[in-house]
Amino acid sequence: MACSGRFNRSEKMDDVPLNKIPSLKPVLLHGSLEVWIYEARELPNMDMVSENLRQCVTLLKTCTMRIRRVERSHHRHHKIITSDPYVSIQVGGATVAQTRVISNSQDPHWNEHFHVDLAHFASNVEFTVKDNDVFGADLIGTVKIPVQNFLDGNKIDDWFQVLNSYGKPPKPDSALRLSIEFRPAEAEALCKDGGGVPNTYFPLRKGGMVSVYQDAHVGNGLLPEIRLDGGKVFEHGKCWEDICHAILEAHHLVYITGWSIYHKVKLVREGTRQLPEGGDLNLGDLLKFKSQEGVRVLLLVWDDKTSHQNMLLKTQGVMQTHDEETKKFFKHSSVQCVLAPRYASSKLSWFKQQTNADAHGPRQPWHDLHSKIEGPAAYDILTNFEQRWRKAIKLHKFGKRFRKAAHRDTDDSLIKIERISWILSPSATQNPPDGDPKLWVSKENDQDNWHVQVFRSIDSGSVKGFPKSVQEAQNQNLVCRKNLLVDKSIHTAYVKAIRSAQHFIYIENQYFLGSSYNWPSYKNAGAHNLIPMEIALKIAGKIRKRERFAVYVVIPMWPEGIPTSASVQEILFWQSQTMGMMYGAIAEALKDAGLADSQHPQDYLNFYCLGNREPKFGSDPPSENSPAENTPQGQAQKFRRFMIYVHAKGMIVDDEYVIMGSANINERSLDGSRDTEIAMGSYQPHHTWAGKQRHPHGQIYGYRMSLWAEHLGLLDDCFNHPQSLECVRRVNELAATYWHQFTADEVIKMEGHLLKYPLKVEPNGTVLSLPGNESFPDVGGKILGAPGSLPDTLTT
């Protein structure tokens, strides 16, 4: 395809054969593009074929029908049928942005702005103009802007000729008007002085408080004491117990949204505080108890399309989330429970990975991260719930459209807190830059003060309340994507936090895959999130500067499901492709810096998983349900080993910034128009490197050290300097020891649970199977995974 150039109507572009276009060497675009797509002119009518076919069918009608149509035509205007154009932006083989569709226009005006984060190798930025159709889209033409034209920061603003697949304009004057400007990543930083993450729907909120938790409950005395700045000690919170007290103390509303809400769960099992009346109830009865007190209780639960609870069909569902069971439990109570699809705008919401529901093996323990937010940011979480609830109710009523309530545009379930004088709520008319101080729960001079920002992955198919106009959507930092408005600020937050990191990054996540456009052997999976590539580039940049930097990533031994199944094997394959891409980039940086002979990629980046072994105490009584010894469950019981499933979704940067929420590091969670997710990013302004001029020892430091104490079974002085080579090698030494204990024939009690992820990394970055450990112990399944025949969209 010929490269597109600037032109005026009076100019005539010579036909340039494709094979004579000089090939440009791809260069790294690491930073952000500010792109404005204004309008196009003289686009062809791509719907003429459809119109001609319609006219041919019309000729086959009877004369009577034709005469009646002619008579009616005197009383109405004929509707023009023409192209429905939109523009996609591609960089390095990845689609990074799309405009909305303009119906029936050959001279469309979009006037849309895009802020696009990039970590791609590319020679051109391509603007592909397409005609939207019922079944896909037809190519109209492409504009190619060579990267060298704007890499120096110059802003380009002009008309560019649109060329079709033959390198010719579909019409003589077909053109696209756009502007483009590049900003390198070095010029961007996460503002921890009050600005927060820019270009997001919710701004940074001051005057907040954050409590961080590891797992549902941490017993007293189980973890060592961790000293913080100011003589304080990190407090190991008890998440479920705090949730129970929060519900019991509620006076007006309890809104809960979740992937799974099981009414039989008991929140407090080892209480450390006296519980008020009702505290000993299970979750379902507790919510009914509060609802009977006059508290508004609303539940928004993920709707598993494979579960059913009716007279004709009763199934638990693939994921066994108890959604139908929970809905039935609250049916005749004042608690309102609504089932909502996880992503309403997609047709793939029924698909989830098959889980191992075999009753013979005990369910492995889970490890998770949690947080509690108080102050102004809590109102942003309330806004998210209200937007989602209104949409879910609308979909629910549409499904029951024959009821009278189906035609109401409003829902009375949500409490209008702004009408209750004794409830503090954000001002609708006054919104100062630092937020409304009356909502603050801590003062700015308080050493324990937090700044908090809420992020989401969600689109207009899952919320009600997004603006209708393009300009208003852009003002709220929503991205247009064909016929949707998208909030993908979780991805933005991760990218900005990684780019701002100076010393180390610590990640715990249920999945870790992305940046597929740069994978070693399979680049078309569509997992375009930047997080793995951003981490690799951060490390490479530090190597070039001869500065220490370390990244620790904790993931499950295998994703939830059966490790030998096609879906899990494909996810593991994507994961190994991601790791190989990252290690390859680090190895290349070491080679370029002349350090390949003295340093190894694992001096900078390491992956881990969690596992445990439990020696028998006495002899287990025989059971009729005991699994056969030659089954995976039988082997697991024989050797007394099991993985600790990492369900966490969080990242700590430099012990001063934390991101935590529901989003995995995969395309499903970060795309914005697939799974709906929420997260928070927060820091303590009095505990930053810039403010302390040294390593801060605030709550985030204490949280990271507490997690390491749990995983490694001890605290070492080198853990205070996680970026140091000494710390990296000490953690790797412990993880290798625990992996040996985990896989040994002899069953011994493990003091720590952090295992090295069973892969071998060559000095050149190649990722191989660990000799003797090509498959997972007991249960099987290739650790490197294998590509399958499932659509990539379902496993990325």
Side-chain angles (χ1 to χ4, degrees), residues 28-35 91 96-97 113-120 181-206 210 377 380 450-458 474 476-479 486-507 509 512 514-515 528-542 549 551 553 649-661 663-665 667 669-672 677-685 688-690 700:
L28 176 63
L29 278 176
H30 187 209
S32 63
L33 281 181
E34 300 295 334
V35 180
V91 181
V96 297
H113 169 246
F114 299 92
H115 174 91
V116 183
D117 289 314
L118 296 178
H120 302 69
E181 184 177 8
F182 176 69
R183 297 175 183 171
E186 292 79 10
E188 300 180 352
L190 177 65
C191 297
K192 292 191 264 317
D193 57 359
V197 178
N199 306 309
T200 59
Y201 187 84
F202 294 115
L204 182 76
R205 306 296 189 184
K206 295 184 177 182
V210 174
D380 295 333
W450 287 78
H451 291 178
V452 189
Q453 195 168 5
V454 175
F455 311 114
R456 293 189 293 185
S457 289
I458 204 164
Q474 292 180 356
Q476 297 183 25
N477 296 304
L478 298 172
V479 179
V486 181
D487 178 355
K488 53 180 300 183
S489 51
I490 295 179
H491 182 265
T492 301
Y494 267 96
V495 170
K496 292 298 185 289
I498 293 168
R499 291 181 180 179
S500 301
Q502 295 301 317
H503 305 282
F504 80 96
I505 293 171
Y506 176 64
I507 292 174
N509 207 283
F512 193 88
S515 308
H528 295 322
N529 77 77
L530 305 185
I531 293 172
M533 190 64 179
E534 288 287 350
I535 292 173
L537 291 175
K538 169 60 67 173
I539 295 173
K542 289 293 186 177
F549 195 85
V551 178
V553 183
K649 300 101 167 45
M651 180 174 76
I652 292 173
V653 176
D654 295 341
D655 279 343
E656 66 177 5
Y657 189 79
V658 60
I659 295 178
M660 195 186 310
N664 297 309
I665 297 179
E667 202 64 17
S669 286
L670 299 173
D671 177 75
E677 311 286 6
I678 192 167
M680 71 89 183
S682 59
Y683 65 95
Q684 293 183 284
T688 64
W689 281 81
I700 298 174

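These numbers come from a predicted model, not from an experiment.
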Heavy-atom side-chain proximity of [X] to [Y] below 4.5 angstrom:
X	Y	answer
Phe114	Leu33	no
Val96	His120	yes
Phe512	Ile507	yes
Phe549	Ile505	yes
Gln453	Arg205	no
Leu537	Leu28	yes

Ignoring hydrogens, what is the shortest heavy-atom contact between [X] and [Y]? Give both atom names and the distance.
X	Y	result
Ala119	His30	CB-CD2, 4.0 Å
Ala97	Val116	CB-CG2, 4.3 Å
Tyr657	Gly681	OH-CA, 3.5 Å
Gly650	Asn509	N-ND2, 4.3 Å
Met651	Ala497	CE-CB, 3.7 Å

For the side chain of [X] and the backbone of [Y], is there at least one donor-acceptor N/O pair under 3.5 Å apart?
X	Y	result
Lys649	Ile665	no
His528	Glu667	no
Ser489	Arg456	yes
Ser32	Phe182	no
Glu656	Trp689	yes
Asp654	His503	yes

With rounding to the nearest 0.5 angstrom, report the [atom1] to [atom2] distance, [X] to [Y].
X	Y	atom1	atom2	value
Lys538	Gln502	NZ	CD	5.0 Å
Ser515	Ile531	OG	CD1	8.0 Å
Ile458	Tyr201	CD1	OH	10.0 Å

Go through the structure and list residues passing salt bridge (charged side-chain N to carboxylate O under 4.0 Å, His left out) with Asp117, not counting sequence neighbours.
Lys496, Arg499

Taking it one step at a time, do Asp655 and Phe504 satisfy side-chain contact (heavy atoms from CB on, under 4.5 Å)?
CA-CA 8 Å; Asp655 279 343; Phe504 80 96; 3.2 Å; yes

My understanding is that only one of [options] makes a side-chain contact (heavy atoms from CB on, under 4.5 Å) with [X]; could you say which?
X	options	result
Val210	Met660, Gln684, Met680	Met680
Ile498	Ile535, Val653, Leu530	Ile535
Val454	Asp380, Thr200, Leu204	Asp380

Check the angle between the aromatic planes of Tyr683 and His451 and answer parallel, tilted or perpendicular using the 30° and 60° thresholds.
perpendicular

side-chain contact (heavy atoms from CB on, under 4.5 Å) with Ala540: which residues, sequence neighbours excluded?
Arg544, Ala589

Checking Ala663 now: which residues fulfil side-chain contact (heavy atoms from CB on, under 4.5 Å) with it, not counting sequence neighbours?
Ile490, Ser669, Leu670, Glu677

